[in-house]
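Working notes, beginning with the structure itself.
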2 protein chains.
Amino acid sequence: MSSQPVEDAAPVGRVQRKRGRRVQEILSTAAELFGERGYDAVSLDDVAERLDVTKGSLYYYFPGKDELAVAAIETLGADWTGRLERLAATAEGPPHERLRALIREHVAIAVGEYPAALRLFLVPSTWPDDPRERIKELRRRHDQVFRGVLEEGLASGEFAVTGLETTLQCMHAAMAQAPLWCGGLESDARERALDELADTLVKLVAAAQ
Amino acid sequence: MSSQPVEDAAPVGRVQRKRGRRVQEILSTAAELFGERGYDAVSLDDVAERLDVTKGSLYYYFPGKDELAVAAIETLGADWTGRLERLAATAEGPPHERLRALIREHVAIAVGEYPAALRLFLVPSTWPDDPRERIKELRRRHDQVFRGVLEEGLASGEFAVTGLETTLQCMHAAMAQAPLWCGGLESDARERALDELADTLVKLVAAAQ
DNA sequence: TACTATATTGACTCTCGGGTCAAAGTTTGC
DNA sequence: GCAAACTTTGACCCGAGAGTCAATATAGTA
């Protein structure tokens, strides 16, 4: 929004870029941790330890835990949604196959990398509006990937739903909870469980034939 | 709350029964609070305040926060499941109507009374086995109500599922998250949203005809 | 090399919330 | 009425974890 003087905006000095890279390192480490355990269960000491620095350093880059967490969650969300968007763009086949692939990839990421993602969307309602809005925005962009495929299938008559948004919410909920009940399974059993989950969720859009 | 005492009260003295009643008061108040906000967001001072006593009193009845919380969650779960069991026992009609009624009642309770119930099942994995097992047991009994209706419909051929347990997990997940996305709606809009949710979830068991 | 900007440290403060306990208050039973 | 049992209080301890900051180390630059 607020544009800066030209010399500050475009070609930032080497030092600035280095700082930028450091910020990214911190965010990506923090995203890992928050994705594994959720906001409450991660302390700044935890983040610092995984980065091999001390807590004080983090305050050189972020004003506080909340800001770091929101930025980390945005990093996590951008990564996750980005991968789904790429899949949606390249996947071939009829809508139900593409939808199934999306679901399958989503839960694979959830179970394997961000098992606590569910907790991240349970933002305490005591948080200020700005960060809550930013997290909702992540969710919107994420849902948009699924919504696209759903609308495609609805247009072609291959899908039918009671309500589009409700269907999306149900899918999202079931996928988000997947780590809870198949996180502990052996890898082959887990694969089968996730396959079954995908098949089950595809039923939500089945056209009565 | 319409629950019967969870604790088996063997000892008979008047004093003992009075103590038992006090325990139930505490549990039912604590269940309210934990159901509203979840474990982490409720302090013992909060529980004590709603009971118009001080924190110290709680330690006269429970050895610590965890024990109080687990007992309160069991109270909450017994109340909730009891209401669903009663509904399942009295409801008339074909399986899909009875299932729909169960779903509708479940989300009504979730949204109206225990909006944070979702958090209660996100038990930190650092907890000891005993309480975690007790909470899982609650979940089992709860699922059993739905499983009963599902099996009935499957037996009659009115339902078809990809996998019974997976279907249950999906239903449970979607119902648990309902408070997140229709908690803020006006009451009539909310009723419509919950109706739509119930219709959507019933699709999970639709037999391909 | 010397000087400056940047980055990191570690010891510090502060608050919150779980848990303890002796003392005071209340109820019970004789 | 009164002693014993039961219940509640409120002041206290403690550890965890967020946040602060002067001192120090490192990197960049002339």
Side-chain angles (χ1 to χ4, degrees), chain A residues 7-8 11-30 33-34 36-73 116 119 123-124 126-128 131, chain B residues 7 9 11-27 29-30 33-34 36-73 116 119 123-128 131:
Chain A
E7 60 265 24
D8 287 5
V12 267
R14 244 185 58 230
V15 178
Q16 306 267 9
R17 289 205 309 276
K18 188 175 177 186
R19 183 187 172 99
R21 261 179 278 127
R22 192 88 184 98
V23 167
Q24 284 308 314
E25 279 179 61
I26 295 172
L27 286 181
S28 115
T29 300
L33 273 167
F34 287 122
E36 285 165 20
R37 297 189 233 153
Y39 178 83
D40 287 325
V42 173
S43 73
L44 289 184
D45 284 310
D46 293 333
V47 178
E49 190 186 11
R50 191 171 287 198
L51 283 161
D52 268 315
V53 294
T54 54
K55 186 175 54 170
S57 293
L58 300 179
Y59 284 91
Y60 183 69
Y61 296 98
F62 298 93
K65 184 184 180 181
D66 293 0
E67 289 79 5
L68 169 57
V70 171
I73 292 170
R119 295 172 195 260
V123 186
T126 58
W127 276 34
Chain B
E7 296 205 338
V12 272
R14 233 182 26 139
V15 178
Q16 308 267 10
R17 289 206 310 277
K18 189 175 177 185
R19 181 185 172 99
R21 261 180 278 127
R22 190 90 185 97
V23 167
Q24 284 307 315
E25 280 179 60
I26 294 172
L27 286 180
T29 301
L33 272 168
F34 287 122
E36 286 166 20
R37 296 188 231 154
Y39 179 83
D40 286 325
V42 173
S43 73
L44 290 183
D45 284 311
D46 292 335
V47 178
E49 190 186 11
R50 192 172 288 198
L51 284 160
D52 268 316
V53 295
T54 55
K55 186 175 55 171
S57 293
L58 300 179
Y59 283 90
Y60 183 69
Y61 296 98
F62 298 92
K65 185 184 180 181
D66 294 0
E67 289 79 4
L68 169 57
V70 171
I73 293 171
R119 296 171 195 260
V123 186
S125 47
T126 57
W127 276 32

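The chains referred to below are lettered A, B, ... by the order of the sequence lines, with proteins before strands, and numbering in each begins at 1.
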(request) Flag the pair L27(B) / L68(B) as yes when at least one side-chain heavy-atom distance between them is below 4.5 Å, and no otherwise. (result) yes

(request) Take atom NZ of K65(A) and atom P of dA18(D), then tell me their distance rounded to the nearest Å. (result) 4 Å

(request) With rounding to the nearest 0.5 Å, note down the distance linking CG in L58(B) to CG in D45(B). (result) 9.0 Å

(request) May I ask you to check whether over 12 heavy atoms, not counting those of E67(B), lie within 6.0 Å of atom CD? (result) yes

(request) Give the rounded distance in Å between these two atoms: CG of L33(A) and C1' of dG17(D). (result) 15 Å

(message) Using whole Å, what does the distance between atom C1' of nucleotide dG18(C) and atom CD of E67(B) come to?
(response) 12 Å

(request) Mind running side-chain contact (heavy atoms from CB on, under 4.5 Å) on V53(B) and R22(B) for me, showing each step along the way? (result) CA-CA 12 Å; V53(B) 295; R22(B) 190 90 185 97; 3.4 Å; yes

(message) Heavy atoms within less than 4.0 Å of DNA chain D: which residues of residues 39-51 of chain A have one? Give them sorted by number.
(response) V42(A), S43(A), L44(A)

(message) Give me the atom names and distance for the closest heavy-atom approach of R119(B) to R37(B).
(response) CD-O, 3.6 Å

(message) Please verify the inter-ring angle class for Y39(A) with F34(A); under 30° counts as parallel, over 60° as perpendicular, anything in between as tilted.
(response) parallel

(message) Checking I26(B) against Y60(B) for the side-chain contact (heavy atoms from CB on, under 4.5 Å) test, could you report, in this order, the C-alpha distance in whole Å, the side-chain angles of both residues, the deciding distance, and whether it holds?
(response) CA-CA 11 Å; I26(B) 294 172; Y60(B) 183 69; over 6 Å; no

(request) Inspect the surroundings of CD in E25(A) and state if more than 12 heavy atoms from other residues, nucleotides or ligands are less than 6.0 Å away. (result) yes

Which atoms of nucleotides 2-9 of chain D (N or O only) lie under 3.5 Å from a protein N or O atom, and what are those distances?
residue : atom : partner : partner atom : Å
dT7(D)  : OP2  : Y60(B)  : OH           : 2.6
dT8(D)  : OP1  : R22(B)  : NE           : 3.2
dT8(D)  : OP2  : Y61(B)  : OH           : 2.7
dT9(D)  : OP2  : T54(B)  : N            : 2.9
dT9(D)  : OP2  : T54(B)  : OG1          : 3.3
dT9(D)  : OP2  : S57(B)  : OG           : 3.1

(message) At less than 4.0 Å, is any side-chain N or O atom of R14(B) found next to OP1 or OP2 of dG29(C)? Yes or no.
(response) yes

